[in-house]
Amino acid sequence: MKKTALAIAITTVPMMAVGEVIDTRGSINDQSEARENLKIEHVSIIGERVEKVAGSAYVVDELELEKFEYSDIHRMVKQVPGVYFQEEDGYGLRANIGIRGSGSGRSGKVTLMEDGVLIAPAPYAAPEAYYFPTSGRMSAIEVLKGPELLRYGPFTVGGAINLISTPIPEEAEGFVNVEIGENSAQKSHVHYGATQGQWGFLLESYQEETLGFKDIDRSNRDTGYDKEDYVAKLRWRSAEGAEHPQQLDLKLNYTEEQSNATYLGVTDQQFKRDPFRRYGLTEQDQMNTRQSGISINYNIALSESVAFNSIVYRNNFERSWFKLDRVGGDSISALISKANAGDAAAIGILEGSLDVADVRVKDNAREYFGRGVQIELTGQSEAMGVSHDWVLGIRRHEDEVDRFQPTTVFNQVNGSLQFDSIIQPSSSNNRVGEAETLSLWFVDRITIGDFDVTASIRREDIDTKQTRYGDLQRTTVASRRDNSVDEIMAGLGVTYSLSDNWQILAGVHEGFAPPGGGASRGTGAEESVNYEFGARYRADRFSADVIAFFSDYENTVNNCSVANPCSNGANSGTESFGESEIQGLEVSLRSVLAEVRGIQVPLTMAYTYTDAEVTQDSDTGSVLKGDNLPYLPENVLNISVGVEAEDGKKAYLSASYVDEMCVDNQCNRNVDQRYRSTEDYVTVDLAASMPIAQGVEVYTRVDNLLDEQAIVARSPAGARVNLPRTAYAGIRVNF
């Protein structure tokens with residue numbers, strides 16, 4: 001089958017070409033590359049060889065992604081150590097990803113990029129955004145941790161995730177993937193591109209839909225989603241042999257999604273009877289979103305050792321989420337709590353047997369934009385046996401989130417919702433948050449013999465403000481908030497090759513996470529000092545990475561959202577968790593267990609252990625010394641084993657374990673522990689594929705083969721279940 005090279009398109013800042021994270025074919029020293037001067041066709045944030053990175057780094061490349069053809073980002077990153085995820089809807093539509101204890105709520109503490117460009121709709125003003133790029137169309141996923149994070153802010157505490165889109169091919173080629181599955185699931189992924197002379201292009205379409213796996217009481221509405229995504233790329237290169245090679249790339253994308261999602265789960269008793277039930281109160285719940293983006297990237301080699309890159313980008317995102325908010329004066333969280341406690345009236349309301357007035361369904365309508373200009377100057381130099389590979393960068397960025405959230409009131413009568421009235425937005429639901437930022441960074445990778453030393457420094461200058469309006473026309477200002485944060489962070493990382501097979505690494509860097517657009521004046525950023533130490537081993541048939549990490553938080557900030565409310569119940573603004581410490585261990589192994597008569601048996605394993613607690617009371621007293629950090633599993637494990645034949649037949653089994661997680665900060669206190677934790681669970685996925693003609697391959701996949709159900713989330717209201725056993729079948733055609 002024809003495969004697409006990962007380092008072809010240049011839709012982002014100039015970075016080092018993508019390489020394998022674990023290469024079992026040679027030693028560490030054998031893999032050190034003779035880099036070409038000024039390669040400018042880059043989309044990677046990691047490098048040609050992970051062994052050069054001063055910290056933990058991982059690439060899930062195209063071949064890995066193809067094994068299971070996942071579209072759920074949580075399943076796609078489960079093989080990466082140090083990464084946690086919190087399931088919510090079973091499909092990964094609302095990604096909740098954390099790295100090294102940074103917090104997983106809405107991936108709000110992770111620097112998210114697509115092709116190296118900030119992709120969260122408003123990463124400074126509203127980091128807990130409800131948008132994540134369509135994961136199923138990506139050709140690779142990179143995860144970076146450690147001191148080199150300071151090049152990719154604003155979030156430098158845990159890690160960065162870079163999603164690499166389909167590149168423009170060097171030759172005319174196309175791809176078609178069609179898949180069907182249970183619950184009327186359908187997927188189609190098509191792209192075609194070519195390069196002719198100085199011009200190249202790519203056109204791509206990704207469509208996905210399902211009816212979902214839950215049933216709403218007394219309703220014909222499904223619980224699935226429908227997504228469509230389009231990408232177009234155009235590239236111009238200077239003629240071969242030009243004195244100063246140049247390249248200009250244009251990327252456009254547009255995405256629509258409709259999903260019948262809700263925040264209301266079920267009681268624990270109901271979960272035991274039927275975890276796939278949805279109460280009729282949620283019949284109206286539906287999210288509609290639109291996202292569009294544009295980026296223009298220009299590269300030029302100024303000399304044999306210096307290159308210039310500039311990129312201009314803008315992303316727009318709007319959503320309308322019509323979802324249950326309050327019932328009869330109670331929040332949905334309070335209603336579930338009463339029902340869990342045995343309140344007969346609350347149970348009757350949830351089950352539809354009891355009438356109730358004042359059922360409020362809020363339209364969480366918001367519009368976002370993020371735009372910026374980013375410039376980087378990269379260079380290489382060598383003198384007296386010391387080489388430097390450096391980058392100097394600056395980014396001017398601004399973003400905004402605009403909330404205008406009316407509420408529709410229904411009455412539940414005989415188990416059905418009947419329209420009553422509309423409540424116009426109050427000031428808390430009629431507001432605009434804005435952020436303006438200036439970021440500067442300098443990273444120098446210094447090579448001295450077997451030592452690679454990476455020194456990095458970053459400055460973030462952030463001004464945020466929030467305006468709340470007292471009338472619908474926004475002529476009256478009810479209140480204003482503003483805040484400024486100006487921080488300088490530094491980092492230092494070292495790798496040393498002990499032999500052809502062994503390498504050790506160590507690093508320290510200052511972590512940073514901005515407090516968000518709703519922060520009041522004087523609110524500080526999240527700050528930490530992060531350490532790591534580990535070793536890498538490479539041999540022909542076996543490789544391993546073992547890295548210990550420790551993060552000392554001076555100020556742990558929790559951004560409040562509806563999905564992850566703060567300890568006082570607030571769903572906006574910020575909350576300080578005071579000082580805390582997070583420590584853990586990451587282990588990644590890859591091996592070929594056997595190779596007999598043209599059949600290989602590969603094995604991969606990723607394990608993360610994490611221990612975290614608050615070490616000093618917060619100023620408000622809502623978080624105390626000894627408290628745990630919410631939604632942080634102690635143990636996460638993924639093991640995958642496969643059988644690969646020379647004739648192209650392949651089969652893989654992947655098993656993942658996720659430990660129970662506390663949903664708030666009080667699991668270490670002497671209080672009632674019921675309903676405070678999720679359940680630990682094991683998920684086993686099976687996939688198999690075989691070629692049937694030149695460039696044509698069929699495959700099948702079964703997610704959650706053992707059909708294990710567990711309470712995987714409780715926030716913000718009630719127990720929610722993971723995806724049940726679901727089978728898919730598809731075909732891939734490369735031409």
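Hydrogens, waters and symmetry mates are skipped; everything else that's a heavy atom, side chains included, is used.
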* To do: Go through the side-chain N and O atoms of Thr255 and Asp229 and say whether any donor and acceptor fall under 3.5 Å apart.
  => yes
* To do: Could I get the full list of side chain to side chain donor-acceptor pair (under 3.5 Å) partners for Arg676, not counting sequence neighbours?
  => Asp664
* **side-chain contact (heavy atoms from CB on, under 4.5 Å) involving Asp268 - partner list, sequence neighbours excluded** => Asn340, Tyr675, Ile711, Arg714, Ala719
* Asked: Can you list the residues that meet the side-chain contact (heavy atoms from CB on, under 4.5 Å) rule with Ala185, with sequence neighbours excluded?
  -> Thr210, Tyr728
* Sequence neighbours excluded - salt bridge (charged side-chain N to carboxylate O under 4.0 Å, His left out) pairs with any residue from residues 629-643 -> none
* **Partners meeting side chain to side chain donor-acceptor pair (under 3.5 Å) with Asp226 (sequence neighbours left out)** => none
* To do: Under the side-chain contact (heavy atoms from CB on, under 4.5 Å) rule, collect the residues that match up with Ile180, sequence neighbours excluded.
  => none
* **Residues that Ser205 engages under side chain to side chain donor-acceptor pair (under 3.5 Å), provided they are two or more places apart** => Gln207
Distance-only check: which donor-acceptor pairs under 3.5 Å involve side-chain atoms of residues 640-647, not counting sequence neighbours?
unit_1 : atom_1 : unit_2 : atom_2 : d
Glu644 : OE2    : Tyr652 : OH     : 2.6
Asp647 : OD1    : Lys649 : N      : 3.2
Asp647 : OD2    : Lys649 : NZ     : 2.8

* Structure fact -> Across all chains, not counting sequence neighbours, the salt bridge (charged side-chain N to carboxylate O under 4.0 Å, His left out) partners of Glu87 are none
* To do: With sequence neighbours left out, write down each residue that passes side-chain contact (heavy atoms from CB on, under 4.5 Å) with Leu498, or none if nothing qualifies.
  => Tyr496, Trp502, Ile504
* Asked: Excluding sequence neighbours, so at least two apart, what forms side chain to side chain donor-acceptor pair (under 3.5 Å) with His189?
  -> Glu204
* To do: Only counting residues at least two apart or in another chain, list the ones meeting salt bridge (charged side-chain N to carboxylate O under 4.0 Å, His left out) with Glu708.
  => none
